[in-house]
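Down below is the structure, laid out as structure tokens.
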Number of protein chains: 2
Amino acid sequence: MKQYKFIQPPSTEQELLARIETLAGKTLSQVALTVNIDVPENQTTHKGWTGQLAEQVLGATASNRSEPDFQHLGIELKTIPMSKPGVPKESTYISTVNLTKTSGINWETSAVRKKLARVLWLPVESDNSISLKHRRFGNAFLWSPSANQEKVIRTDWEEIMELLCTGDLDKISSSLGTYLQIRPKAANSKSLGNSYSNEGIRSSTLPRGFYLRSSFTRTLFEDGGEERQD
Amino acid sequence: MKQYKFIQPPSTEQELLARIETLAGKTLSQVALTVNIDVPENQTTHKGWTGQLAEQVLGATASNRSEPDFQHLGIELKTIPMSKPGVPKESTYISTVNLTKTSGINWETSAVRKKLARVLWLPVESDNSISLKHRRFGNAFLWSPSANQEKVIRTDWEEIMELLCTGDLDKISSSLGTYLQIRPKAANSKSLGNSYSNEGIRSSTLPRGFYLRSSFTRTLFEDGGEERQD
DNA sequence: GAGGATCCATGCGTGGATCCTG
DNA sequence: CAGGATCCACGCATGGATCCTC
């Protein structure tokens with residue numbers, strides 16, 4: 001996605017929220033026009049397009065560095081596809097899993113915890129019956145894990161990491177974890193990343209990533225005082 | 001440089017030499033046409049173009065891996081610009097200098113020695129009065145360092161590496177070395193690569209590379225039984 | 001619907017070298 | 001003209017996610 005227009009990062013949280021309010025109800029096509037970007041026909045070959053569009057119009061800074069999207073504000077932006085108002089359609093990618101450095105790490109300093117510390121959820125209509133250009137942004141909201149949510153996610157994370165430490169990659173399925181899961185994150189099933197076998201030998205396997213299950217993110221859009229999509 | 005045509009690597013040294021003989025006397029334009037590549041107006045913004053053209057038409061394999069261009073033959077291809085027949089115009093880049101791993105390395109296992117073990121020198125007319133597309137390939141020849149040449153290069157290399165080990169980057173100038181020298185190898189003078197200060201602390205400096213001085217490569221094109229450019 | 005498979009953009013490193021100025 | 005500065009191509013890794021098939 002070529003950047004045709006450079007937008008300054010918002011200097012305050014208020015400014016970010018003000019910007020994101022202007023997106024609510026607008027179509028992807030309307031928004032893309034403001035930064036002179038073409039809308040692809042569909043996302044089959046442009047899977048990250050919506051997220052990258054949002055980054056641009058909001059003035060996100062990180063590009064592909066492992067920093068929060070709005071570094072100075074400590075806020076991570078996540079667009080989230082909705083099959084219908086209030087119902088997230090897909091799981092949400094959080095971070096890659098490092099299959100080599102499994103020792104000496106803990107929840108407090110983990111990438112997952114950092115990424116989820118303060119998330120700006122931006123819902124986007126994604127029912128297949130609506131063409132990409134006509135899909136609308138919904139009402140975004142800032143979220144930080146409640147004590148209870150963090151407890152469950154942390155437990156999931158620790159359970160997964162424990163298995164990773166023993167090197168039993170085969171035993172780690174996507175079925176593990178209540179809110180958090182591990183899934184492939186690669187160009188294809190033949191991709192190889194660094195890892196260690198269960199005998200501690202350097203090896204190569206399919207790269208994985210941490211994801212939040214959609215069954216969990218759905219709860220964020222249910223009653224509880226948070227805003228909903230449109 | 002988009003690859004419009006895939007050419008198989010030569011399976012034998014003879015086949016490689018046969019291919020390269022067909023280049024002698026041809027213009028860059030004629031050769032580029034055979035693989036459907038456009039010739040840039042000049043090399044100011046396409047400095048590696050000639051070398052990459054040669055790689056393609058000869059079926060070199062390495063692209064940007066640190067392997068010989070013709071891996072199975074153990075042969076490294078170097079195009080070399082000639083200001084006039086028999087006179088190399090520029091120094092020749094050999095390899096990058098690793099500014100972090102300076103201990104435990106020696107000449108026998110060095111990248112410089114490996115790269116220079118067996119070089120196919122392919123001269124190319126490069127007088128400024130001739131436009132790029134009209135420049136001709138000359139007669140290439142295979143070269144391995146003579147005992148004496150290797151001795152000088154090895155001494156240069158060891159002298160430079162010794163200074164690197166002490167971390168005194170400031171003391172290492174391009175003036176060091178009889179045949180081999182060290183020079184910047186970067187996008188620009190602000191580029192930073194990893195290094196260690198003279199106190200052993202991780203640091204950052206301008207990346208460097210090893211080059212063969214043109215005063216040396218000129219001697220390769222003087223009398224001695226090797227072919228010359230046209 | 002869940003798990004496994006896949007796709008684009010962009011930064012950075014490495015390999016290909018030549019440009020340019022005192 | 002030597003030393004310092006610079007430029008493109010392309011692979012690989014990371015960050016953005018959604019697709020697709022039981």
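FYI, side chains are in, hydrogens and waters are out, and symmetry mates aren't considered; it's all heavy atoms of this structure. Only a predicted model underlies this, so the values are computations on that prediction, with no experimental measurement involved. All chains are named by letter (A, B, ...) in the order of the sequence lines, taking the proteins before the strands, and each is independently numbered beginning at 1.
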Under 4.0 Å: is that the gap between some side-chain N or O of B/K115 and OP1 or OP2 of C/dG16?
-> yes
Under-4.0 Å side-chain N/O to phosphate OP1/OP2 contact, B/R213 with D/dG3 | yes
Across the strands shown, which category fits B/K78 at heavy-atom distances under 4.0 angstrom: base, sugar-phosphate, nothing?
-> sugar-phosphate
Considering only heavy side-chain atoms of A/R183, the closest of C/dG3, D/dA2, C/dC19 is C/dG3
Could you walk me through whether B/L23 and B/L58 pass side-chain contact (heavy atoms from CB on, under 4.5 Å), step by step?
-> CA-CA 9 Å; B/L23 295 183; B/L58 294 172; 4.1 Å; yes
Checking all strands, does B/P81 fall into the base, sugar-phosphate, or nothing category for heavy-atom contacts under 4.0 angstrom?
-> sugar-phosphate
Measure from the side chain of B/Y211, starting at C-beta and using heavy atoms only, and say which of D/dA5, C/dG16, C/dG3 lies closest.
-> D/dA5
base_contact_polar (D/dG16 base, A/K185 side chain, donor-acceptor, <3.5 Å) = yes
Looking for any heavy atom pair under 4.0 Å, which part of the strands does B/S191 touch: base, sugar-phosphate only, or nothing?
-> nothing
Atom-pair distance (CD on A/E41; C1' on C/dC7), nearest Å | 17 Å
Starting at the 5' end of DNA chain C, which residue's closest nucleotide do you reach first, B/N128 or B/H46?
-> B/H46
Report the distance from atom CH2 of B/W49 to atom P of D/dA9, rounded to the nearest whole Å.
-> 12 Å
Centroid-centroid under 6.0 Å between A/F141 and A/F221 rings = yes
Give a yes/no answer on whether the side chain of A/S174 brings an N or O atom under 4.0 Å of OP1 or OP2 in C/dG4.
-> yes
Give the rounded distance in Å between these two atoms: CD of A/E55 and P of C/dT10.
-> 10 Å
Check for a donor-acceptor pair, side chain of A/R218 on one end and backbone N or O of A/P88 on the other, with a separation under 3.5 Å.
-> yes
Could you state the atom-to-atom distance from CD1 of A/I94 to C1' of D/dG16 in whole Å?
-> 12 Å
Side-chain N or O of B/Q52 closer than 4.0 Å to phosphate OP1/OP2 of C/dA17 = no
Which whole-number value in Å describes the distance from A/Y93 OH to D/dA13 P?
-> 14 Å
Here the distance between atom C1' of D/dA17 and atom CZ of A/F210, to the nearest Å, is 17 Å
Give one of base, sugar-phosphate or nothing for A/T79, where a contact means two heavy atoms less than 4.0 Å apart.
-> sugar-phosphate
Could you give the NZ-to-C1' distance, from A/K47 to C/dT10, as a whole number of Å?
-> 18 Å
Starting from P on C/dG13, measure out to CG on B/N188 and report it in whole angstrom.
-> 13 Å
Under 4.0 Å between any heavy atoms, over every strand shown, what does B/S175 touch: base, sugar-phosphate, or nothing? Just pick one.
-> sugar-phosphate
Within less than 4.0 Å of OP1 or OP2 of C/dT6, is there a side-chain N or O belonging to A/S189?
-> yes
Is A/T50 close to A/R135 at the side-chain level, that is, under 4.5 Å between some pair of heavy atoms?
-> no
Do the side-chain N or O atoms of B/Q181 get closer than 4.0 angstrom to the phosphate oxygens (OP1, OP2) of D/dG3?
-> yes
If you measure only the distance, is there a donor-acceptor pair under 3.5 Å linking the side chains of A/S173 and A/S175?
-> yes
Considering only heavy atoms from C-beta outward, does the side chain of A/F216 approach that of A/V152 to under 4.5 Å?
-> no
Does any N or O donor sit under 3.5 Å from an N or O acceptor when you compare the side chain of B/E90 with the base of C/dC19?
-> yes
